[in-house]
There are 2 protein chains.
Amino acid sequence: MAQIVNHADVDRSLADLEHASELEDLQAVIIKLRDTYCIDHLVYHWVNSQGDQYGCGTYAPAWVDRYIEKDYLRIDPVVLGCYQRFHPVDWKRLDWSSKAARSFRREAIEFGVGNQGFSIPIRGPNGQYALFTASHNCSDTDWDEFTKTNRRPLILLAHFFNQKALEFEPDRLPEASRALSPRETDAMTFLAMGLNRAQAADTMAISEHTLRVYIESARFKLGAINTTHAVARAMSRGLIVV
Amino acid sequence: MAQIVNHADVDRSLADLEHASELEDLQAVIIKLRDTYCIDHLVYHWVNSQGDQYGCGTYAPAWVDRYIEKDYLRIDPVVLGCYQRFHPVDWKRLDWSSKAARSFRREAIEFGVGNQGFSIPIRGPNGQYALFTASHNCSDTDWDEFTKTNRRPLILLAHFFNQKALEFEPDRLPEASRALSPRETDAMTFLAMGLNRAQAADTMAISEHTLRVYIESARFKLGAINTTHAVARAMSRGLIVV
DNA sequence: TGGCCCCTCCCTATTTTTGGGGAGTTGTTT
DNA sequence: AAACAACTCCCCAAAAATAGGGAGGGGCCA
């Protein structure tokens with residue numbers, strides 16, 4: 001188990017990362033970092049809402065293939081468990097109670113992933129979601145020691161890595177759509193909060209008829225075919241925040 | 001304009017940040033950092049889907065009060081513009097074309113915010129959204145020079161700061177919102193896409209009655225009071241992506 | 001000044017959604 | 001074996017949303 005990390009090596013790897021000019025370079029950096037930390041694996045895995053995914057790291061290619069083939073993204077308790085967290089999490093603290101999760105874990109260990117892991121969730125707009133994971137095969141106490149010591153550098157590394165990976169992603173701009181007027185925005189917001197038209201109209205201190213006009217003009221501007229659609233579009237375009 | 005940054009001071013501030021044990025400590029750190037970078041302002045601003053917000057930074061208290069009072073969160077092109085991005089962005093590149101945006105900007109400058117700014121968006125689960133912003137009053141070329149030089153340290157700082165701020169937030173969720181079942185997720189997704197119940201049922205190849213059961217159970221799980229609310233919540237919690 | 005957009009109010013009908021209820025199958029977890 | 005969750009189907013009556021139409025006042029911009 002790695003207790004001593006050569007920080008100069010980490011710095012060197014970060015410098016390499018800094019100068020990475022294509023996705024492939026990241027792979028080399030992550031291998032070096034894995035060696036520096038003397039752990040079994042270090043992995044960066046990125047998914048977006050279109051189902052595109054990109055990963056680099058030190059897992060066995062056979063495991064990666066199997067993971068994709070079996071669509072383990074939908075079972076993996078690490079992915080699911082981190083999805084709703086903002087804090088890094090030790091795999092021990094995740095929910096392995098379901099049968100699917102346990103058999104997934106058994107298989108992962110067979111492929112050399114390791115029995116211990118520490119994952120850092122990172123998020124982007126529109127459901128983009130990345131995980132930076134360190135994994136290893138060792139006792140609970142050794143692993144706790146490792147994560148306690150290296151928690152913060154790993155977090156920094158995760159964000160550094162993510163930032164670099166995103167440089168190779170185009171910054172997809174929001175679709176051009178006419179902005180909503182203030183009242184339309186209010187209307188969409190209150191509807192998204194669950195008020196019905198009468199309540200929203202009351203809250204906005206206007207008649208329900210007037211509110212309807214706003215909803216319809218918002219629907220028109222957003223190219224939506226009903227209120228729910230309009231609210232969904234307003235949200236996904238960031239026009240309202242709920 | 002600040003061209004020379006004392007990195008030892010930055011490191012010292014980071015060490016302080018490391019040892020921050022309450023939210024108030026962050027305020028002291030951000031002031032030091034602002035001074036180190038010799039810019040007018042450095043601000044961390046955090047919002048979640050419940051409308052809770054927390055900020056620390058160096059803006060004039062009068063501006064912060066005005067911002068909250070006027071609900072500028074819904075107008076501010078920085079907030080809205082960053083909402084859909086994952087890359088840090090220079091304020092110059094945002095959309096200031098609307099009248100509301102321009103008058104907002106005018107007012108912000110009056111309150112000493114500065115004519116230049118650089119904001120880094122950071123996201124968490126459930127619609128949590130934070131901005132780490134540096135702002136200053138200077139020429140475009142000076143500011144471009146500054147952001148070019150300090151882009152990466154600022155990004156690291158942003159995530160460091162965010163990580164620390166989140167330590168004071170409870171990592172809520174386990175059963176706060178139970179995951180939706182696959183069919184419920186489908187139902188929410190099709191409704192968010194604008195289909196009505198008949199169309200969604202048709203698309204899912206089930207009866208409309210069955211679809212209704214999914215919608216109602218999803219609504220129950222999400223604690224939503226109607227369909228639009230349920231879709232909005234599912235979206236803001238990242239359970240569906242449209 | 002004329003055009004355009006925003007804000008406000010009103011009508012009638014029709015379609016859609018909602019809020020209750022109930023019932024059976026399959027599968028997994030304990 | 002029993003409990004639970006997910007998936008499927010059905011009825012009814014009441015509430016809400018929708019699709020058309022129309023009208024006037026105010027502000028901004030060219």
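By convention in this document, chain letters (A, B, ...) are assigned in the order of the sequence lines, proteins followed by strands, and residues within each chain are numbered from 1. Both backbone and side-chain heavy atoms feed into the values below; hydrogens, waters and symmetry mates do not.
- When the side-chain nitrogen and oxygen atoms of Ser181(B) are compared with OP1 and OP2 of dA5(D), none of them lie within a distance under 4.0 Å.
- Note: Tyr67(A) and Phe104(A) have perpendicular aromatic rings, judged against thresholds of 30 and 60 degrees for the angle between ring planes.
- Between dC10(C), dC10(D), dA17(D), one nucleotide has an atom nearer to the side chain of His209(A) than all others, and that is dC10(C).
- Put simply, Thr210(A) has no side-chain N or O that comes within less than 4.0 Å of OP1 or OP2 on dC7(C).
- Two residues, Met204(A) and Thr228(B), neighbour DNA chain C, and the one matched to the more 5' nucleotide by heavy-atom proximity is Met204(A).
- Residue Arg183(B) has a polar side-chain atom (N or O) positioned under 4.0 Å from OP1 or OP2 of dT8(D).
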* Let me see the working for Asp90(A) and Trp143(A) under side-chain contact (heavy atoms from CB on, under 4.5 Å), right down to the final yes or no. => CA-CA 9 Å; Asp90(A) 192 294; Trp143(A) 187 246; 3.1 Å; yes
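- Looking at Thr141(B) and Ser139(B), their side chains do bring a donor and an acceptor atom within 3.5 Å of each other.
- Atoms CZ (Phe220(B)) and P (dA5(D)) sit 10 Å apart, rounded to a whole Å.
- No side-chain donor-acceptor contact under 3.5 Å links Asn150(A) and Tyr37(A).
- Neither side chain, Gln116(B) nor Asn137(B), offers a donor N or O lying under 3.5 Å from an acceptor on the other.
- Thr228(A) and Thr228(B) share a donor-acceptor pair across their side chains, judged by distance under 3.5 Å alone.
- Side-chain N/O atoms of Lys221(B) include none lying less than 4.0 angstrom from OP1 or OP2 on dA5(D).
- Counting to the nearest Å, the C1' atom of dA17(D) and the CD atom of Glu208(A) are 9 Å from each other.
- The nearest heavy atom of DNA chain C to Ile225(B) and to Arg212(A) marks one nucleotide each, and the one closer to the 5' end goes with Arg212(A).
- Counting to the nearest Å, the C1' atom of dC5(C) and the OH atom of Tyr214(A) are 12 Å from each other.
- Neither OP1 nor OP2 of dA6(D) sits under 4.0 Å from any side-chain N or O of Ser217(B).
- Ring-plane geometry between Trp63(B) and Tyr72(B) is classed as tilted, the angle between the planes lying from 30 to 60 degrees on a 0 to 90 degree scale.
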Within the sub-3.5 Å range, which N or O atoms of nucleotides 23-30 of chain C have a protein N or O partner, and how far apart are they?
from	atom 1	to	atom 2	distance (Å)
dT29(C)	OP1	Lys99(A)	N	3.0

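- Side-chain atoms of Asn196(A) lie closest to dA16(D) of the nucleotides dC11(C), dT17(C), dA16(D).
- Between Ser207(B) and dC9(D) there is a side-chain polar atom (N or O) within less than 4.0 angstrom of OP1 or OP2.
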